[in-house]
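Treat the numbers as computed from the prediction; the structure is a model and nothing was measured. Each chain gets a letter, A, B and so on, in the order the sequences are listed, and its residues count up from 1.
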Number of protein chains: 2
Amino acid sequence: MRAIRNPRRPTQRARPNLKDVAQLAGVSTATASRALNLPARLDPETLTRVREAIRKLRYVPHGAARTLRSQRSRMIGAVVPSFDYALYARTTSALQAALDSEGYALVLAAQHYDLDTEVRVTRQLLEHGVEAMAFVGLDHDPELFVLLGEFDCPYVLTWGVDGSGAHPSIGFDNRAATYAMTSHLVGLGHRRFGLITAPFDGNDRARDRSAGVRAALAAHGLALGEGCLRQGPISLAAGSEAMRDLLSLDDRPTAVIATNDVFAVGAMIACREAGLRIPEDMSITGVDNTDLGATQTPGLTSIRTPIIEVGRAAAHHLVQRLEGQAFEFSQLLPFELVLRGSTSPPSP
Amino acid sequence: MRAIRNPRRPTQRARPNLKDVAQLAGVSTATASRALNLPARLDPETLTRVREAIRKLRYVPHGAARTLRSQRSRMIGAVVPSFDYALYARTTSALQAALDSEGYALVLAAQHYDLDTEVRVTRQLLEHGVEAMAFVGLDHDPELFVLLGEFDCPYVLTWGVDGSGAHPSIGFDNRAATYAMTSHLVGLGHRRFGLITAPFDGNDRARDRSAGVRAALAAHGLALGEGCLRQGPISLAAGSEAMRDLLSLDDRPTAVIATNDVFAVGAMIACREAGLRIPEDMSITGVDNTDLGATQTPGLTSIRTPIIEVGRAAAHHLVQRLEGQAFEFSQLLPFELVLRGSTSPPSP
DNA sequence: CTGTTAGCGCCTTCAC
DNA sequence: GTGAAGGCGCTAACAG
């Protein structure tokens with residue numbers, strides 16, 4: 001294709017500013033400014049004149065100048081672990097939609113499951129002037145909260161509820177979710193379990209979901225066997241590899257619990273490749289109830305976590321705080337087991 | 001949970017600014033500023049002193065002030081059709097990662113398949129000071145380009161290549177992709193086809209992909225039968241519904257081409273529910289080669305579109321332009337047919 | 001209801 | 001190599 005030489009912006013044609021608008025409308029810049037921010041306090045006739053001028057000049061306010069002067073950017077930041085696999089996409093989408101309807105823009109960044117990166121990108125977002133922040137999960141570098149404190153920046157943690165009460169949070173009980181799922185499998189007659197999870201470090205969802213499995217097993221006098229805990233980065237391939245490891249065990253599990261649907265589907269693939277039938281030879285469960293899992297054959301038993309509601313509630317929470325309204329410090333939303341064909345009693 | 005009353009920011013503890021840094025370091029604000037922007041021009045010893053002060057005060061530059069003064073925000077905007085179904089997630093992810101490594105932040109918005117909304121959110125992004133923009137697709141409101149022109153804002157279109165040469169673009173040939181897929185199916189012996197696509201209005205991908213199907217059929221002396229074109233919003237449910245409609249036709253298709261994997265998987269679900277075997281009773285194909293399709297049973301035949309490469313290249317394109325470097329006006333990237341179990345010759 | 005005025009925090013000429 | 005000073009575009013006091 002053709003290469004373009006690039007004499008960057010030789011003629012910086014000036015955008016019209018408020019002064020231009022004011023001049024054209026025959027008012028002061030203060031009045032023009034009020035037409036934008038406090039239209040109710042203007043004489044309807046002057047308001048019309050200013051608006052006409054704005055339209056004529058195709059004036060668009062200068063956000064940076066506004067932010068500098070008013071200390072309000074109408075930008076809200078969010079940091080998600082990753083954009084991949086759509087795990088966080090629905091929360092992000094709901095967050096963006098809700099903020100948009102309140103007139104706020106969402107500035108998004110990823111931390112790639114690394115808490116240092118999280119601090120770094122948060123600093124960037126604060127530098128860019130975001131007024132509030134949303135994070136995924138409860139595990140964060142202490143430095144993050146110092147930074148947020150210095151900026152006096154309201155924030156909310158999501159996808160979990162902070163038991164300590166130190167941080168505002170909106171989420172669900174990850175531990176209870178897998179506890180319920182594990183109990184269900186025990187009820188079906190399973191006694192030997194495999195667990196596939198992401199590394200715990202900096203990932204409270206993985207840790208709490210794994211703890212839920214262990215707790216439920218313990219409550220029934222069971223425990224995870226030797227070699228039955230597999231960890232890896234969240235991907236289909238890692239899920240498959242973990243399942244292959246589990247299948248090679250002497251006393252292999254009859255049920256495998258994955259801490260998310262991606263691992264679970266990866267595990268399903270490995271079972272298919274090994275010629276095992278699901279659920280007769282192996283029960284498999286996920287968490288998050290994604291389309292990826294729901295559309296498998298058989299459908300993946302999973303847990304519907306309220307991730308859309310979390311996004312919406314987070315937006316509401318932050319906007320309420322920014323506008324000086326009362327708000328809920330933390331919200332615990334319900335989850336729900338979704339039973340599909342990937343689970344059954346173990347073969348005799 | 002507990003409700004919090006919210007006396008918004010009674011004590012606005014002032015963040016340290018450059019003057020504070022300069023004072024502590026015993027230099028002028030100009031020198032402190034240079035320590036940030038032109039460290040090479042400073043005496044190494046003064047540079048150290050200023051940096052020490054920055055560290056001590058935990059100084060973070062004020063982005064809005066910087067932007068206002070320098071006309072550079074180091075923010076780049078992107079508008080995607082939707083966050084759902086992860087169709088655009090990998091492009092977005094690649095874009096964000098590449099921009100991040102160049103020191104730019106990504107500001108993201110969704111247009112929900114509506115070109116008026118696209119203009120609206122773009123205006124917001126420009127107002128917030130983004131220096132460049134990326135869009136998905138070739139179809140846009142003319143007003144969008146007027147706006148970008150007024151702001152002298154570099155932009156690039158993605159997921160397609162603009163044949164007219166009017167706009168910089170990075171993408172692939174959507175028409176050729178489905179042309180190749182359709183030819184493959186004709187080669188397998190199929191003669192009656194169904195087509196499931198998104199509405200064409202404002203969606204060039206849907207239109208071009210559909211055109212590719214028609215063109216390939218025409219090249220073989222075939223055509224889409226009556227009632228064999230089904231359109232709907234992109235969702236699994238719409239794909240299923242479209243397939244049910246196709247199945248109810250008198251002379252029903254033996255192969256169904258969907259313009260994306262989401263529709264295709266929806267169609268697979270409908271076939272399963274109707275008791276049809278894939279591929280014996282029905283061949284189905286998608287586009288985009290998502291995990292959703294790849295993990296179905298049987299795996300979905302699809303087209304690997306270079307969407308990650310597109311995100312990376314778009315980031316590179318925009319950064320090159322912003323930094324005054326030469327750049328490619330447009331880039332055509334290759335696609336690739338991925339044959340899996342969802343396609344076969346029709347049953348006799 | 002409207003105008004005047006004084007910066008918000010920073011960068012960037014222009015001197016030295 | 002460094003300092004002094006002006007102003008980017010806008011809003012919030014304060015007058016009137």
Side-chain angles (χ1 to χ4, degrees), chain A residues 9 12-51 53-54 57-75 126-129 131 150-152, chain B residues 9 12-51 53-54 57-75 126-129 131 150-152:
Chain A
R9 308 197 191 200
Q12 180 77 274
R13 179 178 60 280
R15 265 165 70 183
N17 60 22
L18 246 202
K19 204 160 80 183
D20 300 327
V21 172
Q23 246 156 29
L24 182 58
V27 298
S28 71
T29 58
T31 300
S33 171
R34 284 192 275 262
L36 257 40
N37 303 304
L38 305 158
R41 289 205 203 157
L42 283 194
D43 184 295
E45 203 251 322
T46 23
L47 180 57
T48 318
R49 266 207 339 277
V50 177
R51 288 203 166 141
I54 287 174
L57 294 173
R58 299 179 55 86
Y59 167 75
V60 179
H62 193 295
R66 251 181 161 170
T67 299
L68 178 59
R69 182 59 236 232
S70 66
Q71 310 289 2
R72 303 240 22 204
S73 66
R74 299 198 79 82
M75 295 193 295
L126 289 169
E127 188 171 331
H128 282 305
E131 296 182 47
E150 285 173 354
F151 276 77
D152 197 15
Chain B
R9 311 199 190 198
Q12 180 78 271
R13 178 177 60 277
R15 270 165 64 182
N17 60 23
L18 246 202
K19 204 160 79 183
D20 300 327
V21 171
Q23 246 157 28
L24 182 59
V27 297
S28 71
T29 58
T31 299
S33 171
R34 285 185 194 108
L36 257 42
N37 303 303
L38 304 159
R41 288 204 202 159
L42 282 195
D43 184 295
E45 204 252 320
T46 25
L47 181 56
T48 319
R49 265 205 342 277
V50 176
R51 288 204 167 142
I54 287 175
L57 294 173
R58 299 179 55 85
Y59 168 76
V60 178
H62 193 295
R66 238 175 174 178
T67 299
L68 177 60
R69 181 58 233 230
S70 67
Q71 309 291 0
R72 304 239 25 203
S73 67
R74 298 197 81 81
M75 295 193 294
L126 290 168
E127 188 172 333
H128 282 305
E131 296 183 48
E150 284 172 355
F151 276 77
D152 198 14

**Student:** Could you work out, with side chain to side chain donor-acceptor pair (under 3.5 Å) as the rule, every residue matching S70(B), not counting sequence neighbours?
**Tutor:**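 Per chain and number, S70(B) pairs via side chain to side chain donor-acceptor pair (under 3.5 Å) with no residue.
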**Student:** What is the first contacted nucleotide of DNA chain C and what is the last, in 5' to 3' order, if contact means an atom lying under 4.0 angstrom from a heavy atom of chain B?
**Tutor:** dG9(C) to dT13(C)
**Student:** Strictly by side-chain hydrogen bond (donor to acceptor under 3.5 Å, both in side chains), give each pair with a member in residues 32-45 of chain B just once, sequence neighbours left out.
**Tutor:**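 Qualifying pairs: S33(B)-N37(B), N37(B)-R66(B).
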**Student:** Which residues, if any, of residues 33-41 of chain B bring a heavy atom under 4.0 Å of DNA chain C?
**Tutor:**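 Per residue number, the list reads S33(B), R34(B), N37(B).
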**Student:** Listed by chain and number, what are the side chain to side chain contact (heavy atoms under 4.5 Å, CB included) partners of D20(A), not counting sequence neighbours?
**Tutor:**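 Once residues adjacent in sequence are excluded, the partners of D20(A) under the side chain to side chain contact (heavy atoms under 4.5 Å, CB included) criterion are P16(A), N17(A), Q23(A), L57(A).
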**Student:** If the condition is side chain to side chain contact (heavy atoms under 4.5 Å, CB included), which residues does R51(B) pass it with, not counting sequence neighbours?
**Tutor:** P39(B), L47(B)
**Student:** What is the 5' to 3' range of DNA chain D, first to last nucleotide, that sits under 4.0 Å from any heavy atom of chain B?
**Tutor:** dG1(D) to dG9(D)
**Student:** State which residues pass side chain to side chain contact (heavy atoms under 4.5 Å, CB included) with I54(B); sequence neighbours excluded, sorted by chain then number.
**Tutor:**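 For I54(B) the side chain to side chain contact (heavy atoms under 4.5 Å, CB included) partners, ignoring immediate neighbours, are V21(B), L36(B), V50(B), Y59(B).
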**Student:** Any salt bridge linking R15(B) with E150(A)? Criterion: basic side-chain nitrogen under 4.0 Å from a carboxylate oxygen.
**Tutor:**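 No.
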**Student:** Which heavy atom in G129(B) sits nearest to a heavy atom in S73(B), and how many Å separate them?
**Tutor:**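 Heavy atoms only, the tightest pair is O-OG, 2.5 Å.
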**Student:** Given V27(A) and T46(A), is the side chain to side chain contact (heavy atoms under 4.5 Å, CB included) satisfied, shown in steps?
**Tutor:** CA-CA 8 Å; V27(A) 298; T46(A) 23; 4.2 Å; yes
**Student:** Just verifying a value: how many Å separate R74(B) CZ and E127(A) CD, rounded to the nearest 0.5 Å?
**Tutor:** 10.0 Å
**Student:** Nearest nucleotide by nearest heavy atom, which residue falls closer to the 5' end of DNA chain C, R69(A) or P44(A)?
**Tutor:** P44(A)
**Student:** Compute the bend angle of the helix from dC1(C)-dG16(D) to dC16(C)-dG1(D) from the end axes (five pairs per end), rounded to 10°.
**Tutor:**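 Result, rounded to 10 degrees: 30°.
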**Student:** Under 4.0 angstrom, heavy atoms only, what part of the nucleic acid is T67(A) near: base, sugar-phosphate, or nothing?
**Tutor:**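 No contact.
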**Student:** Between A25(B) and A53(B), which heavy-atom pair has the shortest distance, and what is it?
**Tutor:**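 Distance-wise, the nearest heavy atoms are CB-CB, 4.0 Å.
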**Student:** Side chain to side chain contact (heavy atoms under 4.5 Å, CB included) with T48(A): which residues, sequence neighbours excluded?
**Tutor:** none
**Student:** Which residues satisfy the side chain to side chain donor-acceptor pair (under 3.5 Å) test with T67(A), sequence neighbours excluded?
**Tutor:**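 In terms of side chain to side chain donor-acceptor pair (under 3.5 Å), with neighbours along the sequence ignored, T67(A) is linked to no residue.
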**Student:** If you measure from CD on Q71(B) to NE2 on H62(A), what distance do you get to the nearest 0.5 Å?
**Tutor:** 5.0 Å
**Student:** Go nucleotide by nucleotide along DNA chain C from the 5' end; which of K19(B) and L47(A) gets its closest nucleotide reached first?
**Tutor:** L47(A)
**Student:** Counting any heavy atom closer than 4.0 Å, what does L68(B) reach on the DNA or RNA strands: base, sugar-phosphate only, or nothing?
**Tutor:**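 Base contact.
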